[in-house]
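Remarks on the structure that follows.
All values below were derived from every heavy atom in this structure, side-chain atoms included, with hydrogens, water molecules and symmetry-related copies excluded.
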Amino acid sequence: MLNFFSQFNTFKYAKGETILRNGDVPQGVYFVKSGYVKLNSLSKDGKELTLVIYKKDDFFPVVWTFLGTKPSIYSFEAITPTEILRAPREKFLEYINSHKDILANVIGEILSRFQTALRRMEFLTFGNASGKLASILLICGKDFGIEKSDGIEIQIPLTHKDIANLVGVTRETVSLELKRFDRKGFIAYNRKLIIIKDRASLEKKAIF
């Protein structure tokens, strides 16, 4: 889809900058040219939950794009320095409807993300903090990991707070569990990136 979006303007966002706020009316369909974007939900008491992380070649907001519901009920924030291409919704829908192979890929991506969401609902509901953390590390390894000689390196520089918002526990709990995983050799670090070194052990702890 890059060829389609490349005809439109590029917008650059710094790490931590908000792209869309809860209550904003989207100005078009946003395509991630580079970087990572998280979709957040905020509770009435200020607790944040990250529902989706978008990577290169993803687009958002998906529900608004296809159903036209507005305004957005979620916020979108750049996790890293990010470049976004933005196209008018009508032009994007015309494009994918006239390219059935691309539409099929889009549907496949949506179904895959839905399946991941179902898994996350399971570990948000069941299991302890250790199982939740193991589960989200495996999901991130699958979706954002690169195979290296020493393990699977997760390409997003996730902070302990980012991970806490993904699994619905406190940052302090995440810090303690990651230290345990590190001591046991389940994970390691390459600067700010987490490396999954012992996938089998994480799978034993995981909820799904």
Side-chain angles (χ1 to χ4, degrees), residues 1-42 48-117 120 136 139-148 152-159 162 165-166 190-194:
M1 286 192 288
L2 179 59
N3 288 338
F4 165 76
F5 278 98
S6 292
Q7 64 186 298
F8 302 103
N9 291 336
T10 299
F11 299 85
K12 295 183 178 181
Y13 296 88
K15 176 183 176 180
E17 189 173 356
T18 299
I19 300 169
L20 270 174
R21 291 178 176 80
N22 181 347
D24 284 350
V25 176
Q27 299 301 301
V29 182
Y30 298 72
F31 178 84
V32 183
K33 184 178 179 181
S34 65
Y36 296 93
V37 175
K38 61 181 178 179
L39 181 159
N40 289 332
S41 176
L42 193 66
E48 187 177 291
L49 182 66
T50 298
L51 301 173
V52 179
I53 294 178
Y54 296 99
K55 62 182 184 297
K56 183 176 179 291
D57 296 334
D58 284 337
F59 70 90
F60 64 89
V62 175
V63 173
W64 176 84
T65 296
F66 289 103
L67 300 182
T69 55
K70 55 185 182 181
S72 174
I73 61 172
Y74 301 110
S75 64
F76 298 80
E77 179 185 314
I79 300 176
T80 61
T82 300
E83 286 187 304
I84 297 289
L85 299 168
R86 193 177 72 200
R89 174 175 175 264
E90 294 77 12
K91 289 186 178 296
F92 175 72
L93 292 177
E94 287 175 8
Y95 172 73
I96 61 170
N97 284 328
S98 63
H99 293 76
K100 299 303 181 184
D101 55 332
I102 293 175
L103 179 59
N105 288 336
V106 167
I107 292 172
E109 286 293 326
I110 292 172
L111 291 175
S112 176
R113 193 167 286 132
F114 176 67
Q115 185 178 44
T116 299
R120 287 189 60 206
I136 200 62
I139 287 175
C140 287
K142 175 179 176 292
D143 291 346
F144 312 110
I146 291 180
E147 289 276 1
K148 296 208 168 179
I152 302 171
E153 185 178 88
I154 298 172
Q155 296 298 291
I156 311 176
L158 294 170
T159 66
D162 290 331
N165 291 342
L166 282 165
N190 177 15
R191 296 182 181 179
K192 295 182 179 181
L193 302 181
I194 295 174

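- Separating the CD atom in E94 from the CD1 atom in I96 is a distance of 11.0 Å, to the nearest 0.5 Å.
- Residue F92 places its CZ atom among more than 12 non-hydrogen atoms of other residues, nucleotides or ligands, all under 6.0 Å distant.
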Evaluation steps, side-chain contact (heavy atoms from CB on, under 4.5 Å), between L93 and Y95: CA-CA 5 Å; L93 292 177; Y95 172 73; over 6 Å; no
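- Using a 4.5 Å heavy-atom cutoff, the side chains of P88 and F8 are in contact.
- Taking the centre of each ring, F59 and Y30 stay at or above the 6.0 Å mark.
- Within the structure, the side-chain hydrogen bond (donor to acceptor under 3.5 Å, both in side chains) test picks out the following pairs touching residues 55-67 (sequence neighbours left out): D58-R113.
- Remark: the backbone N or O of E153 is paired with a side-chain donor or acceptor of Q155 at under 3.5 angstrom.
- Between F31 and F5, the two ring planes are parallel [angle under 30°; tilted spans 30° to 60°].
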Check against side-chain contact (heavy atoms from CB on, under 4.5 Å), F60 and V32: CA-CA 8 Å; F60 64 89; V32 183; 3.9 Å; yes
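- To the nearest 0.5 Å, the span separating OG on S75 from CG on L51 amounts to 9.0 Å.
- L39 contributes atom CG, which lies 7.0 Å from atom OH of Y74 (distance to the nearest 0.5 angstrom).
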Without placing hydrogens or testing angles, list every side-chain donor-acceptor pair under 3.5 Å for residues 10-25, not counting sequence neighbours.
from : atom 1 : to  : atom 2 : distance (Å)
E17  : OE1    : A14 : N      : 2.9
N22  : ND2    : I73 : O      : 3.4
D24  : OD2    : R21 : N      : 2.8

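- By the 4.5 Å heavy-atom criterion applied to side chains, F144 and I53 are counted as neighbours.
- In this model, a donor atom of one side chain and an acceptor atom of the other lie less than 3.5 Å apart for D162 and T159.
- Rounding to the nearest 0.5 angstrom, the gap separating the CD1 atom in I139 from the CG atom in D143 is 7.0 Å.
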side-chain contact (heavy atoms from CB on, under 4.5 Å) assessment of I154 paired with L193: CA-CA 6 Å; I154 298 172; L193 302 181; over 6 Å; no
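- Residues I79 and I156 meet the side-chain proximity criterion, which asks for heavy atoms closer than 4.5 Å.
- Residues passing the side-chain hydrogen bond (donor to acceptor under 3.5 Å, both in side chains) test with E48 are N40, N165, sequence neighbours excluded.
- Using a distance-only test at 3.5 Å, with no hydrogens or angles considered, no donor-acceptor pair links the side chain of E109 to the main chain of V106.
- Nearest approach of G28 to P61, heavy atoms of both residues: O-CD, 4.2 Å.
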side-chain contact (heavy atoms from CB on, under 4.5 Å) between K91 and F4, intermediate numbers included: CA-CA 10 Å; K91 289 186 178 296; F4 165 76; 4.3 Å; yes
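- Side chain of T80 to backbone of Y36: a donor-acceptor contact under 3.5 angstrom is found.
- The shortest side-chain heavy-atom distance between C140 and L158 falls under the 4.5 Å cut-off.
- Looking at L2 and L85, their side chains come closer than 4.5 Å, going by heavy atoms from C-beta outward.
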